[in-house]
Amino acid sequence: MIDFDHDPTTKDRLFCSMSAHFLTEQLPDDAIHWDEEQIEGFCMRHAWEPLQYHDPKDVMEMIEAAASHAHEFFKQEVLRLTGNT
């Protein structure tokens, strides 16, 4: 089972996965090791057309919000399904 509170990569992997909803290409898995400038550059180059004129940091914040929401949802769902609510 995923330890949502103690696995440092779960949220980072969700960030990469959720990027597919805001970019024309999903961030690669190894992006969890990139610095913020590299991720920002990728977001600038691959912004989905409706977001292409947004500041890359704003796009990154949208991805982060989606990843945070998904992280919390899955955490609560695992707790509910295992009876640990």
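Worth knowing before you read on, the calculation uses all heavy atoms, side chains too, and leaves out hydrogens, waters and symmetry mates. Please read these numbers as outputs of a predicted model, since none were measured by experiment. Position 1 is the first residue of the sequence; numbering continues from there.
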Considering all heavy atoms, the nearest Thr10-His71 contact: CG2-CD2, 3.9 Å
Kindly list each side-chain donor-acceptor pair under 3.5 angstrom involving residues 47-59, sequence neighbours excluded, with atom names and distances?
from	atom 1	to	atom 2	distance (Å)
Asp55	OD1	Lys57	N	2.7

Distance, nearest 0.5 Å, that separates NE2 of His46 from CD of Gln26: 12.0 Å
Gln38 side-chain N/O to Asp35 backbone N/O, donor-acceptor pair under 3.5 Å: yes
Worked verdict on Glu36 versus Ile39 for side-chain contact (heavy atoms from CB on, under 4.5 Å): CA-CA 5 Å; Glu36 190 172 323; Ile39 294 172; 5.7 Å; no
Least distance between heavy atoms, Met60 atom then Cys43 atom: CG-SG, 3.6 Å
Close side-chain approach of Ser19 to Phe42, heavy-atom, < 4.5 Å: no
Path from Met62 to Trp34 over hydrophobic side-chain contacts below 4.5 Å: yes
Side chains of Ser68 and Glu64, donor plus acceptor under 3.5 Å: yes
Approximate separation, where rounding is to 0.5 Å, of Glu72 CD and Glu77 CD: 11.5 Å
Ion pair Arg45/Glu25, N-O distance below 4.0 Å: no
Any donor-acceptor pair under 3.5 Å from Ser17 side chain to Arg13 backbone: no
Close side-chain approach of Phe15 and Lys11, heavy atoms under 4.5 Å: no
Closest heavy-atom pair and its distance - Cys16, Pro28: SG-O, 3.6 Å
Inter-residue atom distance Thr9.OG1 - Leu14.CG, 0.5 Å rounding: 9.5 Å
